[in-house]
2 protein chains.
Amino acid sequence: MNAIGFPTHDHSHCIADALKAAETLCAQRKLQFTPVRRRVLEILLQEHRALGAYGILAELAKDGLGSQPPAVYRALDFLVQNGLAHRIEQLNAYTACVHADRDHAPAFLVCRGCKAVAEAETELNQGRLGIAARHSGFVIERIVVEAEGLCPACAEGSA
Amino acid sequence: MNAIGFPTHDHSHCIADALKAAETLCAQRKLQFTPVRRRVLEILLQEHRALGAYGILAELAKDGLGSQPPAVYRALDFLVQNGLAHRIEQLNAYTACVHADRDHAPAFLVCRGCKAVAEAETELNQGRLGIAARHSGFVIERIVVEAEGLCPACAEGSA
DNA sequence: ATTGATATGTTATAACATTGCACATTACAA
DNA sequence: TTGTAATGTGCAATGTTATAACATATCAAT
């Protein structure tokens with residue numbers, strides 16, 4: 001495993017840790033970390049990439065954990081709602097959160113070659129957009145920041 | 001007309017100006033500003049809001065300018081490609097550009113109530129995301145910045 | 001036992017987008 | 001001015017993503 005911002009690492013450990021953290025977080029908030037939800041998060045954690053809902057559904061189906069679209073979408077809603085996963089708007093796809101603990105405004109680097117996703121942070125009312133918002137009385141609740149480009153590996157290949 | 005960042009203004013004049021500018025720009029670049037393309041831009045310009053492809057298609061169909069999805073998508077591709085319109089990723093929808101002349105990295109305020117869209121600007125390699133990119137050797141080509149929230153009018157209503 | 005809250009199952013359909021091919025138009029050089 | 005390449009359009013079919021609507025299950029609290 002070696003995606004943008006994720007130098008070679010013990011990936012199975014990384015997955016286990018994240019699942020553990022999710023468990024803890026759900027326990028604290030009295031949320032049900034059900035098999036479907038757990039499995040969807042696990043599938044997302046397999047790769048530091050964005051996966052489409054129907055791809056996830058296919059995996060889910062293999063385990064007999066649901067075969068219809070709503071099953072995935074509900075699980076994804078839950079995960080996104082609780083900050084355990086994020087939606088990548090420009091791909092209509094989903095990716096596991098790399099630091100699900102604290103509340104944050106995520107920003108992403110998305111490789112158009114391999115769909116690898118790296119997560120960074122931003123602020124809600126930063127920069128020119130924040131200024132524009134204040135000027136017009138617009139209240140920002142969420143901000144989507146996604147950079148599209150090429151990761152080092154893909155840049156090499158297409159150069 | 002009075003959307004975020006667009007205080008009451010002479011909207012028909014605003015539309016006419018934008019169409020004129022688009023014409024000029026296409027002439028300069030030797031691009032064909034065909035009836036379909038012109039009409040799609042005009043439809044987008046009617047409102048400072050994001051419109052879905054199928055909604056636009058319905059309008060187009062009324063004028064006998066195309067009845068199949070590819071007609072709109074091709075026109076939208078053309079407009080987006082040439083900076084005359086933008087795609088709002090979080091809505092899978094499109095909006096006319098308010099300053100199609102210069103090359104720019106657009107950022108948007110999108111009202112979740114009325115879908116009104118205001119356009120601001122940002123920079124490609126700004127802030128923490130730029131830093132993350134430089135650190136990992138990621139080359140940013142395009143950046144999606146979309147703030148979701150409530151415009152003053154909708155905030156009033158839902159308060 | 002009954003209720004209420006939450007999660008899931010199931011069918012159907014809405015909404016968004018692309019592919020592939022044939023035909024028309026335009027641009028432009030021979 | 002005619003041939004030809006490039007570009008744009010029409011049309012049918014299909015693919016992909018997402019939700020509506022309704023039924024059922026599970027389980028804890030009264």
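Residue numbers begin at 1 in each chain, while the letters A, B, ... track the order of the sequences.
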Asks: Between dT9(D) atom C1' and Arg39(B) atom CZ, what is the distance in whole Å?
Replies: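 Rounded to whole Å, this separation is 18 Å.
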Asks: In whole angstrom, what separates Asn82(B)'s CG from dT7(D)'s C1'?
Replies: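 Distance, rounded to whole Å: 14 Å.
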Asks: Return the value, rounded to whole Å, for the distance between atom CG of Leu91(A) and atom P of dC16(C).
Replies: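 So the CG-P distance, Leu91(A) to dC16(C), works out to 18 Å.
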Asks: Would you indicate which nucleotide in dT6(C), dA18(D), dT9(D) comes nearest to any side-chain atom of Val36(B)?
Replies: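 For the Val36(B) side chain, the nearest candidate turns out to be dT9(D).
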Asks: Give the rounded distance in Å between these two atoms: CD1 of Ile88(B) and C1' of dA15(C).
Replies: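 So the CD1-C1' distance, Ile88(B) to dA15(C), works out to 18 Å.
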Asks: Whole angstrom is fine here: how far is it from CG in Leu76(B) over to P in dA17(C)?
Replies: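 The answer, rounded to whole Å, is 9 Å.
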Asks: Please report the distance, rounded to the nearest Å, between NZ in Lys30(B) and P in dT25(C).
Replies: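 It is 23 Å, rounded to the nearest whole Å.
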Asks: Go through His11(A) and His9(A) one step at a time and tell me if the ring pair (Phe, Tyr, Trp, His ring centres under 6.0 Å) criterion holds.
Replies: CA-CA 6 Å; His11(A) 194 48; His9(A) 64 294; 5.1 Å; yes
Asks: Starting from C1' on dT19(D), measure out to CG on Asn92(B) and report it in whole angstrom.
Replies: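 Interatomic distance, CG of Asn92(B) to C1' of dT19(D): 13 Å.
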Asks: Surrounding NE2 of His135(A) (heavy atoms of other residues, nucleotides or ligands, distance under 6.0 Å), is the total greater than 12?
Replies: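 Not buried by this count: 12 neighbours or fewer within 6.0 Å.
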Asks: Are any of the side-chain heavy atoms of Asn92(A) and Asn92(B) separated by less than 4.5 Å?
Replies: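 Sidechains of Asn92(B) and Asn92(A): in contact.
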Asks: Between Ala132(B) and Ala120(A), what is the shortest heavy-atom contact and its length?
Replies: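 Closest approach of Ala132(B) to Ala120(A), heavy atoms only: CB-CB, 4.1 Å.
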Asks: Scan Leu60(B), Val72(B), Asp63(B) and name whichever one has a side-chain contact (heavy atoms from CB on, under 4.5 Å) with Val36(B).
Replies: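 So the option named by the test is Leu60(B).
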Asks: Determine, for nucleotides 23-30 of chain D in 5'-to-3' order, which nucleotides have protein heavy atoms under 4.0 Å from the base (write B), from only the sugar-phosphate (write S), or from neither (write -).
Replies: --------
Asks: Is a salt bridge present between Glu123(B) and Arg128(A), judged by a nitrogen-to-oxygen distance below 4.0 Å?
Replies: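 Between Arg128(A) and Glu123(B) there is a salt bridge, with a charged N closer than 4.0 Å to a carboxylate O.
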Asks: Whole angstroms only, please: what is the CZ-C1' distance between Arg37(B) and dT26(C)?
Replies: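 Distance check: Arg37(B) CZ to dT26(C) C1' gives 12 Å.
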Asks: With clusters defined by side-chain heavy atoms of hydrophobic residues (ILVMFWY) lying less than 4.5 Å apart, directly or transitively, does Val80(B) cluster with Tyr54(B)?
Replies: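 Same cluster.
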Asks: Please determine if a side-chain N or O atom of Arg87(A) lies less than 4.0 Å away from the OP1 or OP2 oxygen of dA18(D).
Replies: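 Arg87(A) to dA18(D) OP1/OP2: side-chain N or O found under 4.0 Å.
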Asks: Under 4.0 angstrom, heavy atoms only, what part of the nucleic acid is Tyr94(A) near: base, sugar-phosphate, or nothing?
Replies: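 Sugar-phosphate only.
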Asks: Do the charged groups of Glu89(A) and Arg142(A) touch, with an N to O distance under 4.0 Å?
Replies: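 Here Glu89(A) pairs with Arg142(A) in a salt bridge, since their nearest N and O are under 4.0 Å apart.
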Asks: Strictly below 4.0 Å: does Tyr73(A) bring a side-chain N or O up to OP1 or OP2 of dT19(D)?
Replies: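 The answer is no; no side-chain N or O of Tyr73(A) sits under 4.0 Å from OP1 or OP2.
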Asks: Indicate yes or no for a side-chain donor-acceptor contact from Glu146(A) to the backbone of Gln90(A) under 3.5 Å, with no hydrogens or angles considered.
Replies: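 Pair found, side chain donor or acceptor close to backbone of Gln90(A).
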Asks: I need the residues from residues 54-71 of chain A with at least one non-hydrogen atom less than 4.0 Å from DNA chain D; give them sorted by number, or say none.
Replies: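 Those residues are Tyr54(A), Pro69(A), Pro70(A).
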